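In what follows, a single structure is set out as structure tokens and then discussed.
Ligands are counted one by one from 1 in listed order, and the atoms in each one are counted from 1 as well. What you see is a predicted model; the values in this text were computed from it and never measured.
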Amino acid sequence: MSTQAGRTQVGIIGAGPAGLLLGQLLHRMGIESVILEQRSAEYVLGRIRAGVLEQGSVHLMEQAGCADRLHREGLIHDGTLLSIGGENHRIDFRQRTGKTVTIYGQTELTRDLMDARAACGARTVYEAEDVQPVDFDGDHPRLLYRKDGVQHELRCDFIAGCDGYHGISRTSVPQAAIQLFERVYPFGWLGVLVDRPPVSEELIYTHHERGFALCSMRSHSRSRYYVQCRLDDRVEDWSDDRFYDELRRRLPRETAEALQTGPSIEKSIAPLRSFVAEPLRFGRLFLAGDAAHIVPPTGAKGLNLAASDVFYLAEALRDYYQEKSKAGIDGYSARALRRVWKAERFSWWMTATLHIFPESAGFDRRIQRAELDYLAQSDAAQTALAENYVGLPF
Ligand code: APR
Ligand code: PHB
């Protein structure tokens with residue numbers, strides 16, 4: 001089979017938020033990129049993911065020139081509610097940190113980035129098959145792939161592995177060169193999306209004897225609700241009625257009574273996992289976003305961590321092309337990992353504090369109750385939560 005050759009400065013694997021945001025930041029810096037995505041654009045846009053943006057992530061969308069709709073339609077939240085033992089405690093982000101978060105679905109953010117990429121004429125190859133990063137340990141890395149039965153070779157200066165947890169980038173690295181750290185949790189989240197107004201103006205994170213629950217939203221008319229479920233639960237066994245009954249039982253009474261229900265437009269179960277790969281750079285291959293790390297969704301950090309990785313990487317590449325400096329590239333992994341581990345810690349802590357662990361009893365359960373009691377009463381504990389939730393600086 002003949003091979004079609006091409007060339008670009010930065011070859012990006014994956015058109016999720018990490019790959020697309022990197023592409024736009026590079027474009028604004030005058031650096032050319034090609035994105036190779038194994039799925040179609042419609043498939044990528046069909047995935048339902050979280051939607052809480054730190055101010056730093058909003059700022060990056062501005063830098064990428066993609067924040068107009070986000071500013072028009074995003075909901076700014078000054079705080080969140082913690083429901084502990086049937087009582088609501090409000091954590092005021094603005095008062096405690098001077099910062100807020102913006103509610104804007106990852107699907108919408110992805111769409112804005114895709115539109116901007118199409119508008120500036122940058123190339124994305126959707127439905128690229130068998131993408132393979134090769135020769136990244138030398139000066140001339142290449143991306144091999146197939147498209148419509150034709151074999152292609154894309155020569156590049158650098159490769160950005162933005163291909164998510166199941167991607168090819170991380171697994172292309174020799175095993176001896178990479179270290180993996182993982183924690184798997186003994187429960188999942190069952191989520192429902194519904195076209196009904198949210199039960200509360202702010203998110204409600206709930207700790208209850210029956211398990212964790214979360215009331216979230218996508219807009220003033222679309223809500224996203226979750227309940228902690230068993231890992232062996234099946235979506236088919238959860239009718240909408242069963243889901244709403246379970247959710248109501250875990251919420252404070254007035255909230256349960258105010259809940260507006262309707263037919264689910266999406267329902268799925270997601271396992272919870274913490275995962276970090278080290279380092280994030282292998283010669284001329286960089287990992288960013290879910291390709292490099294996973295957080296459980298409890299702190300809403302997944303998308304925001306992808307954004308900070310991409311910020312560090314875009315800066316490093318700018319320094320390389322504009323200043324002929326390799327310092328940013330050499331420092332990328334350590335710089336990004338410092339922030340990654342702090343978000344990992346926070347997400348692990350939120351998860352451990354708010355969920356019911358099936359095996360936990362006696363001492364562990366008492367410690368968890370003390371932690372929750374402390375959180376409910378201590379200014380310092382609430383400020384620490386707020387500081388991490390709105391996002392540590394980068
Ligand atoms: N070749 C090409 N593309 C690939 C390959 C491959 N071998 N493997 C995966 N991809 C694509 C996926 O189809 C997906 O579109 O890479 C993209 C990765 O996107 P995400 O999984 O959304 O990861 P990322 O961009 O890092 O975004 C992080 O998404 O998963 C959430 O919680 C996470 O919100 C966070 C954000
Ligand atoms: C969501 O809206 O899907 C969501 C919000 C906050 C989280 C997790 C998920 O912590």
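Sorted by chain and number, the heavy-atom contacts of ligand 2 below 4.0 Å come from Ala50, Val52, Trp189, Leu203, Tyr205, Leu214, Ser216, Arg218, Arg224, Tyr226, Pro297, Thr298, Ala300.
Every side-chain contact (heavy atoms from CB on, under 4.5 Å) that Glu153 has, sequence neighbours left out, goes to Thr3, Arg142, Leu144, Arg155.
Among residue pairs with one or both ends in residues 11-31, none qualify as side-chain hydrogen bond (donor to acceptor under 3.5 Å, both in side chains); sequence neighbours excluded.
Between Phe187 and His355, a ring centre-to-centre spacing shorter than 6.0 Å is recorded. Taking the six-membered ring for Trp and the full ring otherwise, the centers of Phe282 and Phe136 sit at least 6.0 Å from each other. Side-chain rings of Phe93 and Tyr389 approach one another, their centers coming within less than 6.0 Å.
The shortest side-chain heavy-atom distance between Gln228 and Ile356 falls under the 4.5 Å cut-off. Under the 4.5 Å side-chain criterion, counting only non-hydrogen atoms from C-beta, Ile329 is in contact with Phe286.
Transitive grouping of hydrophobic side chains (ILVMFWY, heavy atoms separated by less than 4.5 Å) keeps Ile294 and Phe346 in distinct clusters.
Partner of Asp157 under the salt bridge (charged side-chain N to carboxylate O under 4.0 Å, His left out) criterion, out of Lys326, Arg284, Arg7: Arg7 alone.
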N/O to N/O under 3.5 Å, ligand 1 against protein:
| residue | atom | partner | partner atom | Å |
| --- | --- | --- | --- | --- |
| ligand 1 | 3 (N) | Gln38 | N | 3.2 |
| ligand 1 | 13 (O) | Glu37 | OE2 | 2.6 |
| ligand 1 | 15 (O) | Glu37 | OE1 | 2.7 |
| ligand 1 | 15 (O) | Glu37 | OE2 | 3.3 |
| ligand 1 | 15 (O) | Arg47 | NH2 | 2.6 |
| ligand 1 | 22 (O) | Arg49 | NH1 | 2.9 |
| ligand 1 | 25 (O) | Pro17 | N | 3.3 |
| ligand 1 | 25 (O) | Ala18 | N | 2.9 |
| ligand 1 | 26 (O) | Asp290 | N | 2.8 |
| ligand 1 | 29 (O) | Arg49 | NH1 | 3.1 |
| ligand 1 | 29 (O) | Gln106 | NE2 | 3.1 |
| ligand 1 | 30 (O) | Arg49 | NH1 | 2.8 |
| ligand 1 | 30 (O) | Asp290 | OD2 | 2.5 |
| ligand 1 | 34 (O) | Gln106 | OE1 | 2.6 |
| ligand 1 | 34 (O) | Leu303 | N | 3.1 |

